[in-house]
Number of protein chains: 2
Amino acid sequence: MTKAREAALEILRNADEPQTAAAVFQQAGNSCDLATVYRTLHYLEKHGYAESFVLYCNEHGTERYYTALSSGNSGSSAHRHWFHCEGCHRFIEIGNCTVNSLAKEFEIEHNLSVSRHILYFIGRCSDCR
Amino acid sequence: MTKAREAALEILRNADEPQTAAAVFQQAGNSCDLATVYRTLHYLEKHGYAESFVLYCNEHGTERYYTALSSGNSGSSAHRHWFHCEGCHRFIEIGNCTVNSLAKEFEIEHNLSVSRHILYFIGRCSDCR
DNA sequence: CCTTCTTTGCAAATGACTTGCATTTTCAGC
DNA sequence: GCTGAAAATGCAAGTCATTTGCAAAGAAGG
């Protein structure tokens, strides 16, 4: 684990919301190149330290957001889902998600395999309504 | 409704899967500019003729996919969700989706408003397993 | 140390999508 | 049917997140 990777992972672990590459770059104090941040995030995801999803927001456009997974090296912790506020751009975790069982049903019904799923909500939080 | 918009809407209505701007452009036989296709799809979505979502696929990257909404004054069709096969890149509709009720619960629980949600599955269909 | 493999920085490239602007279409009102 | 203002289109150039080529810097093992 190199210094840049350690730093990025620490940033993701300390964050309570999904982070974009640009956000990680900024929090790292520009201590490394943005291209390195992208490569680092790919590395972290590939090796099971983080997961990501692509989210579209009116104001920020389409960006990939990363979250740390609790246990690294492919020992996966639970996949999470988020609500994104279009006002303040904060994220709130959607707990208690039933998508997994929905995916399982769908797999059986269609005799196929679902390797991942994406779910998120967009709206306005209680402060921004 | 101009010719280009009529054509794009017809393409979406005849499609049984979500279509990208590039796909609509191609099916339109390059009869208009790609920029016009983008503008047209924005128009259709803004005016309730279509809806869209952004999906990431390993092979095709991040793209926006459009589906027609049945825009008769009688009934606008419900928002739909899709499974995307990473092998053949076909889409299969996920029927019977419980996300709406999940969103409603979440709204009440957090005193916020969810204006839209994104859900899709990625995997391999029965032909591509 | 020295060699080799990996990672990084920098700059340039990519690809989906957007936009400025001049030209064409559309369409309501004659 | 004509006409003119408003809207739509084509083309080219721009934007923006993300990726990649390549040479230099760093790590790891002998």
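Values below: every heavy atom of this structure, side chains too, minus hydrogens, waters and symmetry copies. Residue numbers start from 1 in every chain, and the chains themselves are labelled A, B, ... in the order their sequence lines are given, proteins ahead of strands.
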Sequence neighbours left out, cut at 3.5 Å: what donor-acceptor pairs do the side chains of residues 57-65 of chain A make with other protein atoms?
from, atom 1, to, atom 2, distance (Å)
A:N58, ND2, A:E86, OE2, 3.0
A:E59, OE1, A:H89, NE2, 3.1
A:R64, NH1, A:S52, OG, 2.8

Aromatic plane relationship, B:F53 with B:Y120 - under 30° parallel, 30 to 60° tilted, over 60° perpendicular: tilted
For B:F83, the rest of its hydrophobic cluster, which grows through side-chain links under 4.5 angstrom: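 Members other than B:F83 - counting any ILVMFWY side chain reachable under 4.5 Å - are A:F83, A:I92, A:I94, A:V99, A:L102, A:F106, A:L112, A:V114, A:L119, A:F121, B:I92, B:I94, B:V99, B:L102, B:F106, B:L112, B:V114, B:L119, B:F121.
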B:H79 and B:N100: CA distance, side-chain angles, deciding distance, side chain to side chain contact (heavy atoms under 4.5 Å, CB included) verdict: CA-CA 10 Å; B:H79 166 61; B:N100 263 320; 5.7 Å; no
When the side chains of residues 25-42 of chain A are checked against the rest of the protein, which donor-acceptor pairs come out under 3.5 Å, sequence neighbours left out?
from, atom 1, to, atom 2, distance (Å)
A:Q27, NE2, A:Q19, OE1, 2.8
A:Q27, NE2, A:A23, O, 3.2
A:S31, OG, A:A28, O, 2.9
A:D33, OD2, A:A35, N, 2.9
A:T40, OG1, A:T36, O, 2.7

Sugar-phosphate only, base, or nothing, as touched by B:M1 at under 4.0 Å among non-hydrogen atoms: sugar-phosphate
Divergence of helical axes at both termini of the helix from C:dC1-D:dG30 to C:dC30-D:dG1 - five pairs an end, 10° steps: 30°
Side chain to side chain contact (heavy atoms under 4.5 Å, CB included) evaluation trace for A:T98 with B:T98: CA-CA 8 Å; A:T98 57; B:T98 57; 4.1 Å; yes
Qualifying salt bridge (charged side-chain N to carboxylate O under 4.0 Å, His left out) pairs with a residue from residues 120-129 of chain A, counting only residues at least two apart or across chains: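 Qualifying pairs: A:R90-A:D127.
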B:E93 and B:H81: side chain donor to acceptor below 3.5 Å: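 Not at all, the side chains of B:E93 and B:H81 share no donor-acceptor pair under 3.5 Å.
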Where protein sits on nucleotides 5-24 of chain C, one letter per nucleotide: B base, S sugar-phosphate only, - none, heavy atoms under 4.0 Å: --SBBB-----SBBBB----
